[in-house]
Amino acid sequence: MQVPAPIEYERATSVAHAIALRSQKGDEARFIAGGHSLLPMMKLRLANPKYLIDINDLEELFYIRENGSEVCIGAMSRHRDLLDSDLLAKHFPIFLDAERVIADPTVRNRGTLGGSLCQADPAEDLSAVCTALDASCVITSSEGQRVVPMHDFHVGPYETAVQDNEMLTEVRIPLRPGGGSAYQKVERRAGDWAVVSAGAAVWIDSGIIVDGRVGLAAVGSNTPSIEPAAEALKGATPSEDLFQRVGEIAANNCSPETDGRGTAAYKTHLVQELTRRALRTAVARSQGQEV
Amino acid sequence: MTTTATTTATDTATDTATTTATDTATASEEETTPDERPIGFGRLLRKEDPRLIRGMGQFVDDVSLPGMLHLAILRSPVAHARIVSIDKSAAEAHPNVVAVITGEDLAAQGLAWMPTLSNDVQAVLATDKVRFQHQEVAFVVATDRYSARDALELIEVDYDWIDPVVDVRSALDQDSPVIRDDLENKADNHIFDWETGDEAATNEVFERADVVVSEEIVYPRVHPAPMGTCGCGANVERVSGQVTLWCTTQAPHAHRTVYALVAGLPEHKIRVIAPDIGGGFGNKVPIYPGYVCAIVASLVIGKPVKWMEDRTENLVSTGFARDYVMKADIAATKDGRILAIRTNVLADHGAFNGVAAPVKYPAGFFGVFTGSYDLEAAHAKMTAVYTNKAPGGVAYACSFRITEAVYLVERIVDCLAYELDMDPAELRLKNFIKPEQFPYETKTGWVYDSGNYEPAMRKAMDMAGYAELRREQVERRARGELMGIGVAFFTEAVGAGPRKDMDILGLGMADGCELRVHPTGKAIVRLSVKTQGQGHETTFAQIVSEEIGIPPEDIEVIHGDTDNTPFGLGTYGSRSTPVSGAAAAMVTRKVRDKAQIIASGMLEVSVADLEWTKGAFSVKGDPSKSVTIQEIAMKAHGAGDLPDGIEGGLEAQICYNPENLTYPFGAYICVVDVDPGTAVVKVRRFIAVDDCGTQINPMIVEGQVHGGLADGVGMALMEIIGFDEDGNCTSSSLMDYLIPTALETPDWETGHTVTPSPHHPIGAKGIGESATVGSPPAIVNAIVDALKPFGVRHADMPLTPSRVWETMQGNHTPPI
């Protein structure tokens with residue numbers, strides 16, 4: 001049994017309470033949601049927070065709902081909730097694709113969307129999903145709320161825009177017509193972190209891609225949104241050539257490193273291959289095909 | 001599926017145990033189902049499972065004694081360094097810490113070093129140098145586990161860095177740092193040279209052969225990674241001097257004797273108890289420094305002390321497996337007659353030679369690298385070296401290096417098939433040892449007891465639909481798809497072993513067994529071997545049941561407690577059924593012989609006039625006159641006279657010394673699909689036809705095969721204990737050391753043939769490691785076959801998507 005260093009622990013009873021505790025304890029405190037990233041790191045003593053603020057009782061953060069032109073997801077929504085959501089399946093099948101290959105059912109029963117984004121692991125799948133969907137993050141403090149787009153949310157590996165007196169409370173995804181999305185992941189084994197993942201989302205009107213985005217995981221110190229890929233997709237007509245070209249753009253705009261999961265050359269190849277596949281499926285789905 | 005699968009005659013071995021006894025049954029045709037509760041052999045749900053699946057197992061970590069203290073070990077952060085100083089004062093000042101012990105403290109008691117199972121020595125706690133990352137440096141004993149762990153961080157150690165030896169290929173270079181400067185006159189990192197076979201004869205064959213194919217084949221370092229990590233609870237009673245050790249050991253008796261020999265503890269005062277131990281796979285054969293530390297701590301402090309390693313400690317410091325770099329050559333005629341195989345092996349044994357192998361076999365049973373083929377000549381050379389890595393070597397269901405040997409031969413035969421453009425199944429069929437050649441002595445001196453290879457191979461091919469698969473492959477290749485079909489055929493050598501040849505640290509490898517039948521006809525059988533999940537409590541009850549007719553549920557199997565079982569060397573190398581299984585049959589026959597004499601008194605006929613049907617003796621020609629074994633048991637313990645010269649009671653004890661090893665074999669076929677775009681390998685099908693001789697419980701046999709096949713998928717596709725250039729272990733958690741899940745493994749298709757062992761009392765051979773041995777080459781051969789359009793002849797494990805893709809690009813590199 002691996003045992004963490006001594007900690008103090010408190011269960012927050014509301015978002016306001018959680019933020020108050022966090023403000024009081026500062027950078028020696030961590031929120032604990034599902035705990036599937038933080039607890040292993042604590043057991044390995046790679047993370048040694050002095051205080052844990054447990055936010056699992058914050059029922060106000062468990063929701064997935066349509067709100068006008070957005071889908072709003074409470075930060076404490078579990079992977080399992082995302083996987084089971086008809087609303088997400090209908091509008092953003094990329095969630096279904098990704099959640100099926102995130103960890104295993106035990107982890108998915110506990111791990112949360114907010115925890116995944118805040119862990120800010122460069123290999124985290126939901127960050128790539130949210131990037132592809134052009135999501136934004138609602139960050140709450142005692143002063144109120146601010147909304148940060150995904151591309152500003154991660155400021156470095158394991159670092160986010162959330163300050164010591166703040167908390168990620170909601171993720172918002174714009175609802176637009178003609179949308180289609182998909183996720184592709186290569187892993188060495190079910191439940192492993194991605195060797196490379198690629199998510200893609202497109203919005204198509206009259207056969208033209210009005211907007212399209214690619215989100216990648218595990219290919220650099222941060223989860224990049226590939227702006228040149230978005231530029232290439234905008235206004236283009238879907239075709240295998242386009243998917244190939246955007247795949248190449250994605251491959252040229254990431255910086256994977258050689259490690260136990262694979263060589264940099266292989267990962268670069270995968271970015272191209274998986275981006276192409278994700279785009280192909282996303283386009284098919286936007287046209288109502290079941291894929 | 002029409003033929004019958006059971007070979008239940010108790011005296012198979014003494015009459016028809018030749019290859020002609022082989023049938024070609026498959027696994028789905030058993031005559032009994034678990035519901036029918038066979039008396040003797042047959043499918044039977046495992047007796048141990050209700051306990052284990054209800055969470056009522058008793059594991060070492062469940063042992064808790066009043067006042068028990070907890071021990072944690074400080075490990076080296078670096079692979080090679082001189083210890084300059086250790087400051088333990090802050091740790092000692094921790095309020096919950098009872099003691100902090102360093103190597104220097106142990107050295108003062110003469111306990112800083114201990115012998116390994118290969119007659120090397122290993123540091124219990126480092127005194128002079130650390131020789132691998134995570135080596136044991138000091139330990140803390142505290143009132144709870146958390147405090148012990150916390151206090152480790154308060155110990156200050158000053159290390160003076162030395163360049164580590166990480167690359168096995170450069171370990172013997174002139175300028176390589178000497179790791180084992182603790183050994184007298186040691187000026188290099190050489191451990192041993194070993195060879196087998198006839199070098200001159202082999203070279204002569206190679207010179208005249210039409211075709212010679214050479215390949216460097218690497219079997220990387222892997223880890224057993226049992227679900228339960230290693231640990232112990234030690235209790236030294238100061239007044240009586242009694243030492244009780246609850247320990248994760250696969251070999252309780254061997255451990256007890258080694259403690260007696262090493263520490264000078266009187267052996268009758270040492271009791272080793274191995275309760276449920278949570279898996280082993282060879283990982284729990286060695287004696288680890290942690291066990292010694294716990295005993296010393298209990299001795300010094302006078303209280304019981306528990307040490308349980310965590311997952312990281314298990315992966316980084318306990319017995320690994322493999323780590324062989326094998327240069328292989330195969331010689332053949334141009335029409336595919338294999339003439340000879342030779343190999344030159346570089347073996348990485350880590351910082352201490354910790355392999356558990358019989359003394360005369362430093363390379364284990366690697367000599368069976370000639371495989372299942374009738375060769376003209378064979379020769380192997382091996383050099384073993386020290387490196388700055390964790391010690392070990394024999395673990396992970398390796399059958400004493402047979403895993404490496406089988407991988408070598410099955411890979412190089414496939415390389416030959418590639419060069420000859422021959423079907424790999426046909427090439428094997430052409431070269432098998434023929435049934436009439438058994439017992440067959442190989443060119444390296446191993447005497448295969450029995451075998452009938454072609455039917456097993458044909459059966460696997462039939463189950464696979466081999467010809468159809470090859471047709472499908474042609475079609476898929478034409479479409480640019482990558483489908484591979486891998487074939488492997490293995491022969492194992494298990495059941496060590498005959499005491500004339502085999503011992504561990506001087507302890508002969510024969511096994512005792514004791515059987516008592518109680519007055520009411522219930523029985524208790526006591527064994528030296530130790531289950532780690534293989535189902536001994538069921539299998540051994542069935543062996544006794546088969547021989548004496550008492551239902552298995554009426555037979556208690558006692559094992560894992562040295563005070564309550566006869567001496568024997570434990571469970572590893574698939575030896576339990578070949579050795580202790582034979583002992584159980586023989587001791588039961590001894591009891592049955594006595595029962596027959598008692599029955600003759602009860603029925604008032606001569607012994608010769610009695611015949612045995614399972615569970616009862618009856619008078620020949622008058623079956624109405626009979627007595628059951630239960631009635632005989634009561635008579636043996638009851639009132640009234642027994643036949644002249646017969647003592648009361650119904651029990652016996654024996655020690656079984658195997659005449660030879662047993663040689664199980666099998667034919668495996670694997671079908672894979674490789675995604676041409678991502679290089680991800682999907683194991684589509686796996687067909688395993690095993691022959692382990694007589695099957696005692698076919699359900700358990702299948703379970704053993706399933707587990708071993710999953711092992712094989714792990715090793716072939718994802719498992720490796722890796723090191724960076726500084727000797728840091730890069731596989732220190734289960735996030736980095738991957739073990740396959742149900743999603744990576746197909747539905748196994750198993751079948752079997754039955755070729756009994758001629759020398760084993762019930763004709764049984766070991767099955768525990770067959771699938772682990774046989775499956776990696778089948779999977780690798782399948783992947784290499786899938787990559788044939790890229791001109792790939794060989795690729796090393798683990799075949800992760802990245803390694804497969806690099807191979808497709810022509811950039812294959814060995815993993816070490």
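Labels below follow one simple rule: chain letters A, B, ... track the order of the sequence lines, proteins then strands, and each chain is numbered from 1.
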Are there residues of residues 188-199 of chain A that reach to under 4.5 Å of chain B by heavy atoms, and which ones?
R188(A), R189(A), A190(A), D192(A), W193(A)
Nearest heavy-atom pair of H94(B) and L154(B): which atoms, and what distance?
CD2-CD1, 4.1 Å
Sort by residue number and list every member of residues 263-281 of chain A having a non-hydrogen atom under 4.5 Å from chain B.
T263(A), A265(A), Y266(A), H269(A), L270(A), E273(A), L274(A), R277(A)
Between T248(B) (side chain) and K284(B) (backbone), is there a donor-acceptor pair under 3.5 Å?
no
Can you check whether anything in residues 95-102 of chain A gets within less than 4.5 Å of chain B, heavy-atom wise, and list it by number?
none
Beyond-backbone contact of D167(B) with E725(B), side-chain heavy atoms, under 4.5 angstrom:
no
Counting only heavy atoms closer than 4.5 Å, note whether T312(B) contacts chain A via side chain, backbone, both or neither.
both
Determine, for F723(B) and K389(B), whether the Lys NZ or Arg CZ falls below 6.0 Å from the six-membered ring centre while staying within 45 degrees of the axis.
yes
Which atom of S732(B) lies closest to which atom of L315(B), heavy atoms considered:
C-CD1, 3.8 Å
Side-chain donor-acceptor pair present, H70(B), S147(B), cut-off under 3.5 Å
no
Q809(B), E153(B), E744(B), E309(B): which one forms the most heavy-atom pairs within less than 4.5 Å of chain A?
E744(B)
Does R78(A) offer a backbone N or O that forms a donor-acceptor pair with the side chain of D81(A) under 3.5 Å?
yes
Heavy-atom contact with chain A under 4.5 Å, split by part of T229(B):
neither
Spell out, as yes or no, whether a donor-acceptor pair under 3.5 Å connects the side chain of R221(B) to the backbone of D323(B).
no
Side chain, backbone, both or neither: which part of L738(B) has a non-hydrogen atom closer than 4.5 Å to chain A?
both
Interface check, chain A: of M735(B), M308(B), R145(B), most non-hydrogen pairs under 4.5 Å belong to R145(B)
Is there a donor-acceptor pair closer than 3.5 Å between any side-chain N or O of T807(B) and the backbone N or O of H812(B)?
no
Between M227(B) and R311(B), what is the shortest heavy-atom contact and its length?
O-NH2, 2.7 Å
Proximal to chain A - members of residues 798-806 of chain B, heavy-atom separation under 4.5 Å
T800(B), P801(B), S802(B), W805(B), E806(B)
Checking the side chain of T131(A) only, and the main-chain atoms of G215(A) only, is there a donor and an acceptor separated by less than 3.5 Å?
no
Nearest heavy-atom pair of A200(A) and A282(A): which atoms, and what distance?
O-CB, 3.8 Å
Taking every heavy-atom pair that is under 4.5 Å apart, which of K43(A), E187(A), R45(A) has the most such pairs with chain B?
R45(A)
Minimum heavy-atom separation for I226(A) to L216(A), with atom names?
CD1-CD1, 3.7 Å
Taking the side chain as C-beta and beyond, is there a heavy-atom pair between M41(A) and Q119(A) under 4.5 Å?
yes
Within 6.0 Å of CZ in R108(A), more than 12 heavy atoms from elsewhere:
yes
Parallel, tilted or perpendicular: which one describes the rings of H223(B) and Y737(B), with boundaries at 30° and 60°?
perpendicular
Any idea which heavy atoms bring Y146(B) and P4(A) closest together, and the distance?
CD2-O, 3.8 Å
Test item: R75(B) side-chain N/O and H134(B) main-chain N/O as donor-acceptor pair under 3.5 Å
yes
Measure D675(B) against the heavy atoms of chain A and call it side chain, backbone, both or neither at under 4.5 Å.
side chain
Under 3.5 Å, is there a donor-acceptor pair linking the side chains of E240(A) and Q244(A)?
no
Are the side chain of K306(B) and the backbone N or O of D61(B) linked by a donor-acceptor pair below 3.5 Å?
yes
